[in-house]
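Each remark here refers to the structure printed beneath this line.
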Amino acid sequence: MKNFFTIIGGMGTIATESFVRMINHRIKITKDQDYLNYILVNDAQVPDRTTYIKDHSKPNFFNALRDDVLQQAPLKPDFFIMPCNTAHYFYDDLANLTDVPFLNMMRIAVHKFLTDYPNEKKIGLIATEGSIYDHLYEDEIKQVGREAELGGPEIQPMVTELIYSNIKEKGVVDKELYHRILRTMHDQYGCNVILLGCTELSLAQEKAPDHPYNVIDPQVTIADVAIELELQIRSGMDPQTVVKKYLY
């Protein structure tokens with residue numbers, strides 16, 4: 001297979017399924033051959049990211065991701081995508097394993113915020129406890145001169161319930177809870193834009209988009225970037241040159 005990319009997924013599987021569906025449905029097609037070529041590595045056995053980030057005595061999820069990257073790298077994909085925000089804790093270590101370009105979903109999402117909302121000085125951030133604990137998105141936002149608003153102590157328990165109790169454990173999206181989180185971030189903490197810093201939150205947005213709030217959805221953003229890049233590569237452009245503009 002030529003002109004393909006590799007998706008390092010399975011964190012969690014339902015969120016990865018949402019991402020693949022997004023890739024397939026956001027591309028314009030008239031025949032089977034218009035779809036993109038990709039390999040999906042749905043590694044559902046990757047240990048929980050937040051658990052390790054908060055307690056290094058727990059299983060380290062890097063080892064599984066390292067094996068996935070090293071398994072795929074000899075196949076020479078055009079680029080890697082990892083649609084799990086919290087797993088980007090090990091982004092640099094994973095990217096350094098291979099010469100294959102490895103897109104950083106977090107950085108691409110933050111730059112989309114800058115492009116789409118250049119006058120906004122802060123962005124609301126909702127994410128896993130692991131991402132919040134290790135300042136993953138917060139650091140990326142500060143790097144570009146913006147402020148991350150995390151909200152008050154009532155926000156994280158609601159976000160954790162939505163991600164873990166609802167989506168990961170039951171496979172369902174609590175629409176009312178998702179909308180309540182967005183409403184609270186907007187009304188009480190002045191967030192005109194809210195970043196969905198977990199792919200389970202991206203799934204919530206897919207299933208419950210009927211709200212008035214502005215969101216930056218990294219999963220949608222990276223899907224659009226993957227489509228743009230792969231179509232350019234398919235047309236004959238050099239993969240390294242094409243991908244370089246998104247390697248922030």
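Nearest heavy atoms, Ala127 versus Gly197: CB-O, 3.4 Å. Residues Thr199 and Ala15 come closest through the heavy atom pair OG1-CB, 3.5 Å. For Pro101 against Val243, the heavy-atom pair with the smallest separation is CB-CG1, 3.5 Å. Residues Met185 and Glu149 approach most closely at CE-O, 3.3 Å, considering heavy atoms. Closest of all the heavy-atom pairs between Ile108 and Val225 is CG2-CG2, 3.9 Å. Pairing each heavy atom of Glu169 with each of Ser165, the nearest pair is CB-O, 3.6 Å.
Residues meeting the ring-ring contact (aromatic ring centres under 6.0 Å, His included) test with Tyr35, sequence neighbours left out: none. Asp48 meets the side-chain contact (heavy atoms from CB on, under 4.5 Å) test with Thr50, Thr51, Tyr164; sequence neighbours excluded. Applying the side-chain contact (heavy atoms from CB on, under 4.5 Å) rule to Leu150 yields the partners Leu125, Ile132, Glu138; only residues at least two apart in sequence or on another chain are considered. Residues passing the ring-ring contact (aromatic ring centres under 6.0 Å, His included) test with Tyr178 are His211, sequence neighbours excluded. Asp55 is linked by a side-chain contact (heavy atoms from CB on, under 4.5 Å) to Ser57, Lys58, counting only residues two or more places apart in sequence or in another chain.
Contact annotation: the side chain of Val242 never approaches that of Phe79 to less than 4.5 Å [non-hydrogen atoms, C-beta and beyond]. Counting heavy atoms from C-beta outward, Asp210 and His179 have side chains that approach closer than 4.5 Å. Using a 4.5 Å heavy-atom threshold, the side chains of Asn60 and Pro47 count as separate. Taking 4.5 Å as the limit, some side-chain heavy atom of Leu103 sits within range of a side-chain heavy atom of Leu229. Residues Ser202 and Val220 are not in side-chain contact: their nearest non-hydrogen atoms beyond the backbone lie 4.5 Å or more apart. Counting heavy atoms from C-beta outward, Asn85 and Thr128 have side chains that stay 4.5 Å or more apart. Contact annotation: the side chain of Gln156 approaches that of Glu129 to within less than 4.5 Å [non-hydrogen atoms, C-beta and beyond]. Side-chain contact between Leu75 and Phe4 is present, with at least one heavy-atom pair separated by less than 4.5 Å.
In this structure, Met11 is a member of the same hydrophobic cluster as Ile53, with clusters built from ILVMFWY side-chain heavy atoms closer than 4.5 Å. Tracing side-chain contacts under 4.5 Å through hydrophobic residues (I, L, V, M, F, W, Y), one never reaches Ile8 starting from Ile81; they form parts of separate clusters. Cluster membership for Ile126 and Ile123, using ILVMFWY side-chain heavy atoms within less than 4.5 angstrom, is not shared. A single hydrophobic cluster is seen to contain both Val100 and Met82, as judged by linkage of ILVMFWY side chains at heavy-atom distances under 4.5 Å, directly or through other members. Val41 and Phe19 fall into different hydrophobic clusters, defined by Ile, Leu, Val, Met, Phe, Trp and Tyr side-chain heavy atoms under 4.5 Å apart, directly or through other members.
A donor-acceptor contact shorter than 3.5 Å is absent between the side chain of Arg107 and the backbone of Glu140. His56 places a side-chain N or O within 3.5 Å of a backbone atom of Tyr52 that can act as its donor or acceptor partner. Distance alone, capped at 3.5 Å, is enough to place a donor-acceptor pair between the Asn96 side chain and the Asp92 backbone.
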For Thr184 and Glu154, run side-chain contact (heavy atoms from CB on, under 4.5 Å): C-alpha distance rounded to whole Å, both residues' side-chain angles, the deciding distance at 0.1 Å, then the answer. CA-CA 9 Å; Thr184 303; Glu154 78 280 18; 3.6 Å; yes

Any chance you could lay out the side-chain contact (heavy atoms from CB on, under 4.5 Å) test for Asn37 and Glu230, step after step, and finish with the verdict? CA-CA 8 Å; Asn37 298 337; Glu230 203 54 59; over 6 Å; no

Should Thr221 and Met105 be marked as a side-chain contact (heavy atoms from CB on, under 4.5 Å) after you check the CA-CA gap, both sets of side-chain angles, and the distance that decides it? CA-CA 8 Å; Thr221 302; Met105 182 167 70; over 6 Å; no

Apply side-chain contact (heavy atoms from CB on, under 4.5 Å) to the pair Phe5 and Leu36, showing each step before the final yes or no. CA-CA 9 Å; Phe5 57 96; Leu36 299 183; 3.9 Å; yes

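With rounding to the nearest 0.5 Å, the separation of CD1 in Ile7 from OG1 in Thr16 is 8.5 Å. With values rounded to the nearest 0.5 angstrom, Asp68 atom CG is found 11.0 Å from Asn63 atom CG. Atoms CD and CD1, from Gln219 and Ile23 in turn, are 9.0 Å apart once rounded to the nearest 0.5 Å. For the atom pair CD1 (Ile194) and NE2 (His186), the distance works out to 7.5 Å, reported to the nearest 0.5 Å. Going from atom CD of Glu147 over to atom CD1 of Ile141 covers 9.5 Å, rounded to the nearest 0.5 Å. The line from CG of Leu203 to CG of Leu196 is 11.0 Å long, rounded to the nearest 0.5 Å.
Classified by interplanar angle (parallel below 30°, tilted 30° to 60°, perpendicular above 60°), the ring pair Tyr89/Phe61 is tilted.
Using a cut-off of 4.0 Å between Lys/Arg side-chain N and Asp/Glu carboxylate O, Asp34 and Lys31 are scored as salt-bridged. Salt bridge absent: Arg183 and Asp187 never bring a charged side-chain N and a carboxylate O closer than 4.0 Å.
Applying the ring-ring contact (aromatic ring centres under 6.0 Å, His included) rule to pairs touching residues 92-122 yields Phe80-Phe102, Tyr91-Phe102, His111-Tyr248, sequence neighbours excluded.
Heavy atoms from other residues, nucleotides or ligands lying under 6.0 Å from CD of Gln45 number 12 at most.
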